[in-house]
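The model shown is predicted, which means the values in this text are computed figures rather than measured ones.
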Amino acid sequence: MAEIIDLMLHRAAIQATDEILQRRGLGYFLEKTGAFPFALSEQRCAVVIEVARRRSGASRSQRADASLRMVRRRLIALVAEAMVRVGY
């Protein structure tokens, strides 16, 4: 079954992610737990989607799974890049 992706929401999610990364940095998206220091915070990823929904005018009933996956993939790549940079 095909998945319908709202491109306006997707674009707004990319812009919101970029803005939050510029203002707050990558550490904003990481959970502050001792067990695994590089875990992404699901609540903070959901905040990005919520900001994108408001900007794009999308309703809450629209599915944003693809946009959330894109945000998570991007953040995971940035975390991996940062880990390599510090020699982890």
Side-chain angles (χ1 to χ4, degrees):
M1 182 176 203
E3 181 180 0
I4 297 174
I5 298 172
D6 183 357
L7 294 179
M8 292 294 288
L9 178 63
H10 204 70
R11 183 169 182 249
I14 291 170
Q15 289 175 342
T17 304
D18 288 342
E19 288 175 10
I20 292 174
L21 282 169
Q22 267 187 337
R23 273 194 243 135
R24 294 284 189 85
L26 185 58
Y28 173 77
F29 291 101
L30 300 177
E31 285 192 7
K32 310 296 187 230
T33 60
F36 190 67
F38 303 110
L40 288 178
S41 170
E42 292 300 323
Q43 292 92 2
R44 302 256 168 105
C45 291
V47 165
V48 171
I49 298 303
E50 217 28 65
V51 167
R53 274 192 173 129
R54 288 183 189 149
R55 287 184 182 174
S56 69
S59 67
R60 290 186 64 90
S61 63
Q62 288 179 327
R63 296 187 61 184
D65 298 340
S67 297
L68 182 61
R69 282 194 310 267
M70 179 276 307
V71 167
R72 287 185 49 77
R73 266 191 231 116
R74 179 139 190 243
L75 293 172
I76 289 169
L78 289 172
V79 167
E81 184 180 307
M83 288 172 65
V84 168
R85 225 179 294 134
V86 297
Y88 213 86

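- Around atom CE of Met8, no more than 12 heavy atoms belonging to other residues, nucleotides or ligands sit under 6.0 Å away.
- A 4.5 Å side-chain heavy-atom check between Phe29 and Val48 finds at least one atom pair inside the cut-off.
- Under the 4.0 Å criterion applied to side-chain N and carboxylate O atoms, Asp18 and Arg74 are assigned as salt-bridge partners.
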N/O donor-acceptor pairs under 3.5 Å from side chains in residues 38-46, not counting sequence neighbours:
residue : atom : partner : partner atom : Å
Ser41   : OG   : Gln43   : OE1          : 3.3
Ser41   : OG   : Arg44   : N            : 3.4
Glu42   : OE2  : Arg72   : NH1          : 2.6
Arg44   : NH1  : Tyr28   : O            : 2.5

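- Cluster membership for Leu9 and Ile14, using ILVMFWY side-chain heavy atoms within less than 4.5 angstrom, is not shared.
- Inter-residue side-chain proximity for Leu75 and Leu21 is flagged as met; some heavy-atom pair is nearer than 4.5 Å.
- Across all non-hydrogen atoms, the minimal contact from Ala12 to Arg55 is CB-CB, 4.4 Å.
- Closest approach of Met70 to Ala13, counting heavy atoms only: CE-CB, 4.0 Å.
- Contact detail for Ala64 and Arg53: the closest heavy-atom pair is CB-NH2, 3.5 Å.
- For the side chain to side chain donor-acceptor pair (under 3.5 Å) condition, the pairs that include at least one residue of residues 7-16, sequence neighbours left out, are His10-Ser67.
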